[in-house]
Amino acid sequence: MRTIACREHRPTSVASGLSLAPFRALRPTVDEHRLGALLCPPYDVIDETQRAQLLERDPDNAVGVILPSC
């Protein structure tokens, strides 16, 4: 195993040709009123009716990602 240095970050270990490098996180900004409409309960407690209601309230709700329609 060898160690390489990444720009502006601590060295990253490399094994078998795998190269890992950190990246700057994305932090989208959403006003607090819309944020509530974008969040959803855990996927295993959402039924089809609740999924439809969440997407009706805001089409960008996270339920569209975690429980896509069939």
Side-chain angles (χ1 to χ4, degrees):
M1 187 181 315
R2 61 191 171 98
T3 302
I4 62 172
C6 295
R7 287 181 295 154
E8 303 176 327
H9 298 285
R10 286 182 253 148
T12 302
S13 296
V14 177
S16 306
L18 175 66
S19 178
L20 303 175
F23 58 91
R24 190 173 302 272
L26 298 176
R27 295 182 184 211
T29 56
V30 178
D31 67 64
E32 62 188 56
H33 299 293
R34 180 142 192 252
L35 182 60
L38 294 174
L39 301 177
C40 65
Y43 74 95
D44 58 344
V45 297
I46 301 172
D47 60 16
E48 278 298 316
T49 304
Q50 187 176 20
R51 180 187 180 281
Q53 291 170 345
L54 290 166
L55 288 173
E56 184 178 312
R57 188 170 67 180
D58 193 315
D60 295 328
N61 189 288
V63 76
V65 174
I66 64 170
L67 287 175
S69 62
C70 296

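Please read all numbers here as calculations on a predicted model, not as lab measurements.
For residues 56-66, every residue pair satisfying the side chain to side chain donor-acceptor pair (under 3.5 Å) rule, not counting sequence neighbours, is listed here: Arg34-Asp58, Arg34-Asp60.
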Side-chain polar contacts of residues 40-47 - donor-acceptor pairs under 3.5 angstrom, sequence neighbours left out - could you list them?
from: Asp47; atom 1: OD1; to: Thr49; atom 2: N; distance (Å): 3.3
from: Asp47; atom 1: OD1; to: Gln50; atom 2: N; distance (Å): 2.8

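Both Ile66 and Leu55 are assigned to one and the same hydrophobic cluster, defined by single-linkage of ILVMFWY side chains at heavy-atom distances under 4.5 Å. The cluster map of Ile, Leu, Val, Met, Phe, Trp and Tyr, joined by side-chain heavy atoms under 4.5 Å apart, puts Leu39 and Val30 in the same cluster.
Between Arg51 and Leu67, the shortest heavy-atom contact is NE-O, 2.5 Å.
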